Amino acid sequence: MASSFSRSGMGFEFLTKKPYTPPSWASHLHPLPSHVFSLAHLPTPIHRWNLPNLPANTELWIKRDDLSGMQLSGNKVRKLEFLMADAVAQGADSIITIGGIQSNHCRATAVAAKYLNLDCFLILRTSNLLVDRDPGLTGNLLVERLAGANVHLISKEEYSKIGSVTLTNVLKEKLIKEGRRPYVIPVGGSNSLGTWGYIEAVREIEQQVQRGADNTKFDDIVVACGSGGTIAGLSLGSSLSSLEANVHAFSVCDDPDYFHNFAQGLIDGLNAGVNSRDIVHIQNAKGLGYAMNTSEELNFVKDVAAATGVILDPVYSGKAAYAMVKDMIENPKKWEGRKILFIHTGGLLGLYDKVDQLASGVGNWQRMDVNESVPRQDGIGKMF
């Protein structure tokens, strides 16, 4: 299915705005986006992923949406392609968004805003103990602050009592009074417009499958779920397109009921006429809580990196892959003989926030021992 939105042979199209034509199987959805900004490096690769201890005859593949960019990477960039096009079309001069202190979405938004010459205002949720202190430069915060984002801290307690919608509106009203033209992007970029990011990703997967030499047809797609927009787009796209894979989401916060209901709202916002519970299966992978990790989860991330070279993040894909493998061990018959595509949604920078927890597990270093008999001469080693 050729697309007017193909990125193959891209010339100087990065950071340009283009008219958007939806896949034929999604053209009945409404409203349709009119334009899209080229922000991600697409298509992202799909390759075999040889995780140890898979059930019999199970083939696992991975789609590397962690490679959709560097500072601007992960699943959020696909949503931002549509959201930023809308912001520019509305004449915005600034972007407001909101998330956790190590939000990948907020970091991606801060970079995308500057690419498009817009100011960025971030509301970041942190603990009551830290809300009055400089948030530092760890992980995503380093990129956001280097990119000049205006960071507003809110305590978890206030966040839970006021809610993200009211908080972004309070900041929006303040900026409007100052003569600004702000555009609000919700948590994770997850609204009906942002959902198009993963409807479009399904077209990309569909084209990759069609171009593949070995006629691989995926039975299942597995992905982490943290704000709901990615699973809404993936499951809707998979059910409408030729992919027709079962979508399994592992939720890293809230609970499956919440996400079924939230995804339903996004799907209804596109007038799709589909029940979310019919198109996506959601399991709880929250563990200790959002962005909190057990030593088992972090050891799993370390072991996967050592075995396969694929570095999962601790908040989303790490928890999802951990829960998927746990489910495969507990319910092997459910997964045996199936071809599974795992979507890596990015978030590498979040690992920097976990270095203290990871340190004890990665102790494979030593001073190099050079025998006295090896000749030595001053100045022979060039140190650039």
Side-chain angles (χ1 to χ4, degrees), residues 66 74-76 79 97-109 122-131 135-136 138-141 144 151-168 185-191 194 222-232 248-263 266 280 282-301 312-324 326 343-358:
D66 59 316
N75 60 327
K76 311 304 186 188
K79 305 175 190 183
T97 197
I98 187 166
I101 192 71
Q102 281 295 331
S103 166
N104 299 303
H105 161 71
C106 287
R107 179 255 307 154
T109 303
L122 303 177
I123 303 171
L124 301 180
R125 185 181 65 243
T126 189
S127 75
N128 213 18
L129 290 171
L130 300 174
V131 75
T138 299
N140 287 299
L141 283 160
E144 290 159 0
V151 174
H152 297 254
L153 299 179
I154 190 86
S155 71
K156 289 174 183 174
E157 290 79 1
E158 285 182 295
Y159 185 101
S160 68
K161 288 175 183 164
I162 301 169
S164 65
V165 175
T166 302
L167 286 168
T168 50
I185 294 177
V187 172
S190 292
N191 58 15
V222 176
V223 69
C225 170
S227 61
T230 297
I231 64 160
H248 303 265
F250 287 94
S251 57
V252 301
C253 53
D254 297 293
D255 58 66
D257 257 354
Y258 167 82
F259 282 114
H260 271 129
N261 294 334
F262 186 85
L266 301 186
V280 59
I282 307 174
Q283 285 173 253
N284 195 342
K286 183 165 64 170
L288 294 175
Y290 177 73
M292 296 163 69
N293 292 101
T294 62
S295 55
E296 290 81 12
E297 287 166 352
L298 291 177
N299 282 333
F300 174 81
V301 168
L312 299 168
D313 82 296
V315 181
Y316 297 98
S317 293
K319 280 192 173 180
Y322 176 79
M324 174 186 74
K326 194 162 177 277
I343 313 278
H344 188 336
T345 52
L348 173 67
L349 288 165
L351 267 177
Y352 288 89
D353 198 40
K354 303 290 178 181
V355 289
D356 292 343
Q357 274 182 277
L358 286 163

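Please read all numbers here as calculations on a predicted model, not as lab measurements.
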Atom CG in Asp254, atom OG in Ser227: separation rounded to 0.5 Å? 10.0 Å
Any side-chain heavy-atom pair from Tyr322 and Pro314 closer than 4.5 angstrom? no
Can Leu348 and Asp66 be said to form a side chain to side chain contact (heavy atoms under 4.5 Å, CB included), step by step? CA-CA 8 Å; Leu348 173 67; Asp66 59 316; over 6 Å; no
Are any side-chain N or O atoms of Ser190 and backbone N or O atoms of Gly229, one a donor and one an acceptor, separated by less than 3.5 Å? yes
Take Val301 and Lys354 through the side chain to side chain contact (heavy atoms under 4.5 Å, CB included) test and state the conclusion after the steps. CA-CA 11 Å; Val301 168; Lys354 303 290 178 181; over 6 Å; no
NZ of Lys156 to OG of Ser127: how many Å apart, nearest 0.5 Å? 6.0 Å
Is there a side-chain contact between Leu124 and Pro135 in this structure, where contact means two heavy atoms from C-beta onward sitting under 4.5 Å apart? no
Point-to-point distance, once rounded to the nearest 0.5 Å, from CG of Leu122 to NE2 of His152: 8.5 Å
Please tell me if the side chains of Thr138 and Gln102 come closer than 4.5 Å, counting only heavy atoms from C-beta onward. yes
Quick one: closest heavy-atom pair of Asn284 and Ser251, and the distance? CA-OG, 3.6 Å
Would Lys76 pass as a cation-pi partner of Tyr316, given that its NZ or CZ must be under 6.0 Å from the six-membered ring centre and within 45 degrees of the axis? yes
If every non-hydrogen atom of Ala285 is compared with every non-hydrogen atom of Phe250, which pair is closest and at what distance? CB-CB, 3.8 Å
If every non-hydrogen atom of Leu312 is compared with every non-hydrogen atom of Ala321, which pair is closest and at what distance? CD1-CB, 3.8 Å
Can you list the residues that meet the salt bridge (Lys or Arg N to Asp or Glu O under 4.0 Å) rule with Asp255, with sequence neighbours excluded? none
Backbone N or O of Thr345 within a donor-acceptor pair of the Ser317 side chain at under 3.5 Å? yes
In Å, rounded to the nearest 0.5 Å, how long is the span from OG1 of Thr126 to CD1 of Ile154? 11.0 Å
What distance separates Leu351 CG from Leu358 CG, expressed to the nearest 0.5 Å? 6.0 Å
Provide the closest heavy-atom pair for Asn128 versus Val131 in the form atom of the first, atom of the second, distance. O-CG1, 3.6 Å
Is it the case that the side chain of Thr168 and the backbone of Ser164 share a donor-acceptor pair, with hydrogens and angles ignored and the cut-off at 3.5 Å? yes
Are the side chains of Ile185 and Thr109 in contact, using a 4.5 Å heavy-atom criterion? yes
Donor-acceptor check, side chain of Glu144 to backbone of Arg107, threshold 3.5 angstrom: yes or no? yes
Side-chain donor-acceptor pair present, Thr97, His105, cut-off under 3.5 Å: yes
Please report the C-alpha distance between Ile123 and Tyr159 in whole Å, then the side-chain angles of each, then the deciding distance to 0.1 Å, and finally whether the side chain to side chain contact (heavy atoms under 4.5 Å, CB included) criterion is met. CA-CA 10 Å; Ile123 303 171; Tyr159 185 101; 5.7 Å; no
Minimal heavy-atom distance between Arg125 and Tyr290, with the atoms involved, is NH2-CE2, 3.5 Å
Are Thr230 and Lys79 close enough that some pair of their side-chain heavy atoms sits under 4.5 Å apart? yes
Holding to side-chain contact (heavy atoms from CB on, under 4.5 Å), I want the full list of residues that pass it with Lys319, two or more places apart in sequence or in another chain. Val252, Asn293, Glu297
In Å, rounded to the nearest 0.5 Å, how long is the span from CG of Asn75 to CD1 of Ile231? 11.5 Å
Donor-acceptor contact below 3.5 Å, side chain His260 vs main chain Val280: yes
Which pair of heavy atoms, one from Asn140 and one from Asn104, lies closest together, and at what distance? ND2-OD1, 3.1 Å
